[in-house]
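Notes follow once the structure below has been shown.
Note on naming: letters A, B, ... go to the chains in the order of the sequence lines (proteins, then strands), and numbering restarts at 1 for each one. Computed from a prediction, not measured in an experiment: that's the story for all the values here.
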Amino acid sequence: MPELPEVETIINDLKKKIVNRKIVGVWFDAPSLIKKPQPKDLRFKIKDLRIIDIKRRGKNILTYLINPKSKILNQKILLIHQKMTGHLLYGKWSFGKAQDKQKIIVKSLTKGALEEKVNNYIHFILYLDNGWQVGLSDLRKFAKILFGGKEEIENLPDLKNLGPEPLNESFKVEKFINLISKKRGKIKQVLMDQNVIVGIGNIYSDEILWQAKIHPFKIAEKLKIKELKNIYSAMKQILKKAVKLRGTSVSDFRDAFGKSGGYAKMLKVYPHTKRSYGVGGYQREGEFCQRCGTIIKRVKIGGRSAHFCPACQRLKP
DNA sequence: TGCAGTGTTGCTTC
DNA sequence: CGAAGCAACACTGC
């Protein structure tokens, strides 16, 4: 699910709600999501800590915590990676009877109106001292949760090996060219490699390459300076716009309040319409390029689907 | 009905 | 070495 714009949307929403809140309890029913510490220890380690900040690093959500009773500033980090179908929600859940196990979001925030909605995929809940909760919904249970001291978490390869942030002001075109022109892989895979540059996944790599008119199979180190510049500006433009529109909702992406993102209608090659998209067996293939009318192609690359216009994005000149 | 396909990542295999 | 395959898991459309 979430690439940079979606994660950015979630943390911005949550920041307004949970900073300065104290955690009064933790619940989970899928211990395999918790990689650190031992799942059984998480509850007592995290209880009574106060949330002081929430940040994004790549696609990772970092919640900074302190023990308000401790004299020394001993910061902790709760790291959540939502992977494919995970998303954090701010709400209130109550449990159905033991035999049906349904989880219900009691109230939608936006209108203040009561809205009950069953969510069977909440697997982790942080209980806050204002009566609200942060829940992790994750159909496929791929999400990753890590908790530990600030230094400890920051030094894990999960964070330490990450590439630069594409939207940082300091990430100039020269740096981008320097970085990408050394890589020998196919450009789509290079853009999606979090250890090269963070935040870009299957949706935005397709969109960036379409806009830049670059074939996804082109080898990164063989790209001309002009082509790299085009990719760089498409990347900045698309990611910024997607953040502004609160991400892309295909299938089930929602912001922290359960609302859809607005970038889906901007997609040029990645599947998004009812016709081209469903959870199973879907493709943009069969739709037309909005620039030239050619039929969009879908091809396999490293186990993922790449969508592109074979006329606008040529492999050979 | 079974299988291919889905926003991610990391490990194994060749 | 790098690239490809597959696994984690649940679900759906064809």
Does NZ in A:Lys35 sit with more than 12 non-hydrogen atoms of other residues, nucleotides or ligands closer than 6.0 Å?
-> yes
Side-chain N,O (A:Arg304) to OP1/OP2 (B:dG5) below 4.0 Å | no
Roughly, in whole Å, what's the span from CG in A:Leu136 to C1' in B:dT8?
-> 14 Å
Between B:dT6 atom P and A:Asp138 atom CG, what is the distance in whole Å?
-> 18 Å
Among B:dG5, B:dT9, C:dC11, the one nearest any side-chain atom of A:Lys300 is B:dG5
Please measure how far the P atom in C:dC1 lies from the corresponding atom in B:dT9, and state the result in whole Å.
-> 23 Å
Grab the OH-P distance between A:Tyr270 and B:dT6 for me, whole Å please.
-> 6 Å
Please answer whether the main-chain N or O of A:Ser170 pairs with a side-chain N or O of A:Lys175 as donor and acceptor at a distance below 3.5 Å.
-> yes
Is A:Asn230 reaching over with its side chain to a backbone N or O of A:Ala234, donor-acceptor style, under 3.5 angstrom?
-> no
A:Glu207 CD to B:dG7 P: how many Å, rounded?
-> 13 Å
Check: A:Ile208 main-chain N/O paired with A:Gln211 side-chain donor or acceptor under 3.5 Å | no
A:His81 side-chain N/O to B:dT9 phosphate OP1/OP2 under 4.0 Å = yes
N or O in side chain of A:Lys59 less than 4.0 angstrom from B:dT8 OP1/OP2 = yes
Return the stems involving DNA chain C, sorted by first number, where pairs are Watson-Crick (N1-N3 with N6-O4 or O6-N4) or G-U wobble (N1-O2 and O6-N3), both under 3.5 Å, and runs are 3 or more long.
-> B:2-6 with C:10-14, B:8-14 with C:2-8
Whole angstrom is fine here: how far is it from CG in A:Asp206 over to P in B:dT8?
-> 10 Å
Separation between the P atoms of B:dC11 and C:dC9, rounded to whole Å = 16 Å
Under 3.5 Å, is there a donor-acceptor pair linking the side chains of A:Asn119 and A:Lys103?
-> no
Indicate whether OP1 or OP2 belonging to C:dC9 is found under 4.0 Å from a side-chain N or O atom of A:Tyr121.
-> no
Under-4.0 Å side-chain N/O to phosphate OP1/OP2 contact, A:Gln194 with B:dT8 | no
Rounded off to whole Å, could you give me the CD1-to-P distance for the A:Ile61 and B:dT9 pair?
-> 12 Å
Determine the Euclidean distance between corresponding P atoms of B:dG7 and C:dG2; express it in Å to zero decimal places.
-> 25 Å
In Å and rounded to the nearest 0.5 Å, what is the CZ to CZ distance from A:Phe308 to A:Arg298?
-> 11.5 Å
Whole-Å distance, A:Arg57 CZ to B:dT9 P, equals 13 Å
Between A:Lys188 and A:Asn202: side-chain donor-acceptor atoms closer than 3.5 Å | yes
List the protein contact pattern of nucleotides 1-8 of chain C with one symbol per nucleotide (5' to 3'): B for base contact, S for sugar-phosphate-only contact, - for none; contact means a heavy-atom distance under 4.0 Å.
-> -S-S---B
Parallel, tilted or perpendicular: which fits the ring planes of A:Phe176 and A:Phe171, with parallel below 30° and perpendicular above 60°?
-> perpendicular
Can you tell me if A:Lys213 and A:Gln313 form a side-chain donor-acceptor pair at under 3.5 Å?
-> no
Hey, is the side chain of A:Ser305 poking within less than 4.0 Å of OP1 or OP2 on B:dG5, counting only N and O atoms?
-> no
Using 30° and 60° as the class limits, which term best fits the ring planes of A:Tyr204 and A:Tyr263: parallel, tilted or perpendicular?
-> tilted
Starting at atom CG of A:Leu33, determine the distance to atom P of B:dT8, rounded to an integer number of angstrom.
-> 18 Å
